Amino acid sequence: MKNYKIPKEKRKIIFSALYWIIGLGVIFILPQFLLNLQTKEIPYAQFKRLVEERRILYALISKEEIKGLLYNGPREGLEALHETLSSMEGGGDESSLEVMVKKIKGAISANADVTIFRTIRIDDPKLIELLDRAKIDYSGAQESFMSQFFWSTFVPILFWVGLWFLLIRAMGRPGAGLLSIGRSKAKIAMEEDTGVKFDDVAGCEEAKEELKEVVAFLKDPERFRKLGAQIPKGVLLFGPPGTGKTLLARALAGEAGVPFYSISGSEFVEMFVGVGAARVRDLFNQAKQNAPCIIFIDEIDAIGKFRSGAFSMGGHEEREQTLNQLLVEMDGFEPNIEVILLAATNRPEVLDPALMRPGRFDRQVILDAPDVNGREAILKVHSKGKPLHDDVDLHKIALRTPGFSGADLANLMNEAALLAARLNCQSIRQEHLEEAVEKVLTGPERKSRRLRENERKRVAYHEAGHAIVAYFCPTAPTVAKISIIPRGKAALGYTLQLPEEEQFLLTKSELKDKICVSLGGRIAEEEVFGEPSSGAQNDLEVATEIARSMVMRFGMTDEIGPVALSKETSPFLNVPVFDEPHTNISPELMALVDKAVKEIIEEEKARATSIIRDNIDKLKDVAEKLLVQEVMSEDEFKEIVGLKEE
Ligand code: ADP
Ligand code: MG
Ligand code: ZN
């Protein structure tokens, strides 16, 4: 960018204008500032308590805050004060609060303990009810002319002029980042009682089971404390969109009967630097004063992304500050405070590992797309209050909807009801449900996920292939779960392998086994259907990457020897970023590398093929069972393949 200079005369004009603006600013801001000095800042929870004690004499409610009059003197004087006040004319703006204080002091005594208070407003539907019950005068704030002018005319002018200046200056500086400016959208919402119970969430029994402990703790913390039991501070809910993460968090609060504070991570982005962090501080302060309670941060991935390392290009400061504040607050929790932090994300892989450290989100609960029985249960939940005809068979509908999330099923039920209503039926019939399935399926997002029967079969054999090969590779971790329920766009099914304990090093044979397992899916397809499909693309990438690392980074082949030809550039150990080769590798050496990689892959391919051929019957049994029940647990799998022969 060129270095623009503003002509001298023009600069003079700008500067004298600036002095004017600063001068006016002082005139307008100073009274506001002095007013603020006299007001007493109190937390919302304390405000509520004061309302109940009728110590709040008058409340002025505006969008962002609540101001009003507070009495701190002895109780006897209280009722007299309320009377004096109701005989006075209530104002509607801030300057009249001052006037009211003066009038009260005039009417009662000059040293009556009446002050102006201020508190941050929280979305609380019960507030008005509370004020009415305590018979306290309140009104909505009407901004005074001065402050209206100040905010609607003066501040914007100041803002734009300031922005212009910043831009001009930023243009002159090399490498200046873009200024990201937005408005604070983040709002803390509080619900006294969410009204949702665990029964309203279906098809995720394991997740509920894990959360029951938290409920028990919130209900009776003493019992846990007496035994010195450590309760998780933070629970992270993982799962694809629409699987009921938000719902489950609310159900947890409802079940425990505690208030639910929530804020959404995506609302934090695009704010002025510092605002997000302040909001986090607010949120935790409010919650601590209302313990026991639950704090829920939805879509935490928006703030919890990896903090960028030294190579940061800038522009993430706001998010980083917010994340840091969150970590500080979590660490600052005293263990005896009954506040549980819940967070939800559908992209766990982008979260900063620091969030998952012990003492932070150390408990993780996975919500997956529901299986057949889960889907039936969810349909049942959502058919509550909807009359179903006798011919309805929810199990059949569940069978037809693999890959549907809870949100999709709720949508399906609603579509069926709409259809029945349109046709003037008294109840929902099976045909309505079936038509609704079609409708949801052909919705814009879902088209790609609709598997044909022969595709489903391919996926089943592919996953069974991974599982069988994993089973017969001596060092491969055990198969914990196989699923052919589609997830997201890429994966049509998956085989989950869990190592028995955490691993920090991988030996050569373990790496080779990993390659072998990756190839297993494709080989099974080849053996059963005669040709591979495009579904194995990701597996091949994994296999190739491991083989390349073995050759170039770990020096595990005889041709190249123990030489490191490339190094890892990722700042995080657990992220397999493929690395830059050293630039001084000759083409001849590179050809050797390619040959070595190919050799490893070919060798593992041969091994996987012979495993599949030797166990083709078991492969078929596993695949056919998968086609019926979609998911298979470790035990079911072992039952089919039999015990490992040592
Ligand atoms: P997420 O937060 O995981 O994206 P939500 O909790 O917002 O999903 O779910 C959206 C809606 O889908 C819920 O309000 C509920 O009606 C329905 N839903 C999702 N999962 C379930 C479930 N397991 N049981 C019952 N209803 C569900
Ligand atoms: Mg959600
Ligand atoms: Zn695969």
Side-chain angles (χ1 to χ4, degrees), residues 194-208 211 236-252 262-267 296-302 342-348 365-371 373-385 398 404-414 440 458-470 479 482-484 486-488 490-497 514-526 532-543 608:
T194 59
V196 184
K197 288 277 155 67
F198 273 166
D199 281 343
D200 300 318
V201 193
C204 47
E205 299 311 317
E206 291 155 41
K208 281 198 274 186
L211 293 179
L236 194 55
L237 304 170
F238 289 151
T243 44
K245 297 181 295 295
T246 311
L247 186 69
L248 192 62
R250 301 184 66 223
L252 178 62
S262 64
I263 198 160
S264 173
S266 61
E267 290 167 351
F296 178 55
I297 304 178
D298 211 348
E299 298 169 49
I300 194 174
D301 43 285
L342 283 184
T345 179
N346 45 36
R347 305 168 61 204
V365 172
I366 300 172
L367 285 171
D368 230 331
D371 64 1
N373 297 326
R375 291 198 296 270
E376 190 180 342
I378 294 173
L379 284 170
K380 230 173 242 152
V381 167
H382 287 280
S383 61
K384 241 182 251 163
F404 273 45
S405 67
D408 294 328
L409 293 166
N411 184 12
L412 187 163
M413 217 56 213
N414 190 45
V440 177
R458 218 174 232 286
V459 173
Y461 275 91
H462 178 103
E463 295 307 329
H466 282 307
I468 294 279
V469 173
V479 175
I482 318 171
S483 160
I484 58 164
R487 321 161 104 191
L492 300 174
Y494 64 91
T495 303
L496 182 67
Q497 284 176 278
K514 269 186 189 296
I515 298 175
C516 192
V517 173
S518 298
L519 295 172
R522 178 194 161 100
I523 308 278
E525 283 187 55
E526 273 178 37
S533 72
S534 61
Q537 175 203 348
N538 184 256
D539 295 334
L540 295 188
E541 276 167 21
V542 171

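FYI, the numbering just counts along the sequence from 1. One-based numbering, in listed order, for ligands and for the atoms of each. The structure presented is a predicted model; accordingly, all values stated were derived computationally and were not measured.
Those atoms of ligand 1 that come under 4.0 Å of a heavy atom in Val201, given as number and element, are 23 (N), 24 (N). Set against the non-hydrogen atoms of Ala407, the atoms of ligand 1 under 4.0 Å away are 10 (C), 12 (O), 17 (C), 18 (N), 19 (C). Residue-ligand proximity, Pro241 to ligand 1, at heavy-atom distances under 4.0 Å covers atoms 4 (O).
Residue-ligand proximity: Ala202 is placed with a non-hydrogen atom under 4.0 Å from ligand 1. Not close to ligand 1: Arg250, with no non-hydrogen atom less than 4.0 angstrom away. By the 4.0 Å heavy-atom criterion, Gly239 is excluded from the residues contacting ligand 1.
For atom 2 (O) of ligand 1, the closest heavy atom belonging to the protein is Thr246 OG1, 2.6 Å. Scanning the protein for heavy atoms near atom 18 (N) of ligand 1, the closest one is Gly406 C, 3.6 Å. When hydrogens are left out, the protein atom nearest atom 4 (O) of ligand 1 is Gly242 N, 2.8 Å; that is the closest non-hydrogen contact. Shortest contact from atom 16 (O) of ligand 1 to any protein heavy atom: His382 CE1, 3.0 Å.
With a 4.0 Å heavy-atom cut-off, ligand 1 is reached by the backbone of Thr243 and by its side chain too. Only the backbone of Asp200 comes within 4.0 Å of ligand 1, judged by heavy-atom distances.
For Ala410, no nitrogen or oxygen atom sits less than 3.5 Å from a nitrogen or oxygen atom of ligand 1, counting backbone and side chain alike. Ligand 1 has an N or O atom lying under 3.5 Å from an N or O atom of Gly244, backbone or side chain. Close N/O approach between Cys204 and ligand 1 is not found [any backbone or side-chain N/O within under 3.5 Å]. On a distance-only criterion, Asp298 and ligand 1 share no N/O pair closer than 3.5 Å.
Rounded to 10°, the angle that NE2 of His462 and OD2 of Asp539 form at the Zn ion (ligand 3) is 90°.
Counting non-hydrogen atoms of neighbouring residues, nucleotides and ligands closer than 6.0 angstrom, the CD atom of Gln537 reaches no more than 12 such neighbours.
Within His466, the N, O or S atom lying nearest to the Zn ion (ligand 3) carries the name NE2.
The option with the heavy atom closest to atom 15 (C) of ligand 1, from among Asn411, Leu247, Leu237, is Leu247.
Using a 4.5 Å heavy-atom threshold, the side chains of Val469 and Ile523 count as separate.
Looking at every heavy atom in both residues, Ser405 comes nearest to Pro241 through CB-O, 3.8 Å. The minimum heavy-atom distance linking Gly239 with Asn346 is given by the pair O-CB, 3.0 Å. What you find for Leu237 and Leu248 is that their closest heavy atoms are CD2-CD2, 4.3 Å. Residues Ile366 and Ala207 share a closest heavy-atom pair of O-CB, 4.3 Å. Between Thr194 and Arg250, the shortest heavy-atom contact is OG1-O, 2.8 Å.
Separation of atoms CZ (Phe404) and CD1 (Ile378) is listed at 12.0 Å; rounding is to 0.5 Å. A distance of 8.0 Å separates OG1 in Thr345 from CD1 in Ile300, rounded to the nearest 0.5 Å.
Under a 3.5 Å cut-off, the side chain of Lys245 and the backbone N or O of Leu367 do not form any donor-acceptor pair. Of the possible polar contacts, none joining the Asn414 side chain to the Asn411 backbone as a donor-acceptor pair under 3.5 Å is found.
Ionic pairing of Lys208 and Glu205 is present here: one or more N-O contacts between side-chain nitrogen and carboxylate oxygen are shorter than 4.0 angstrom.
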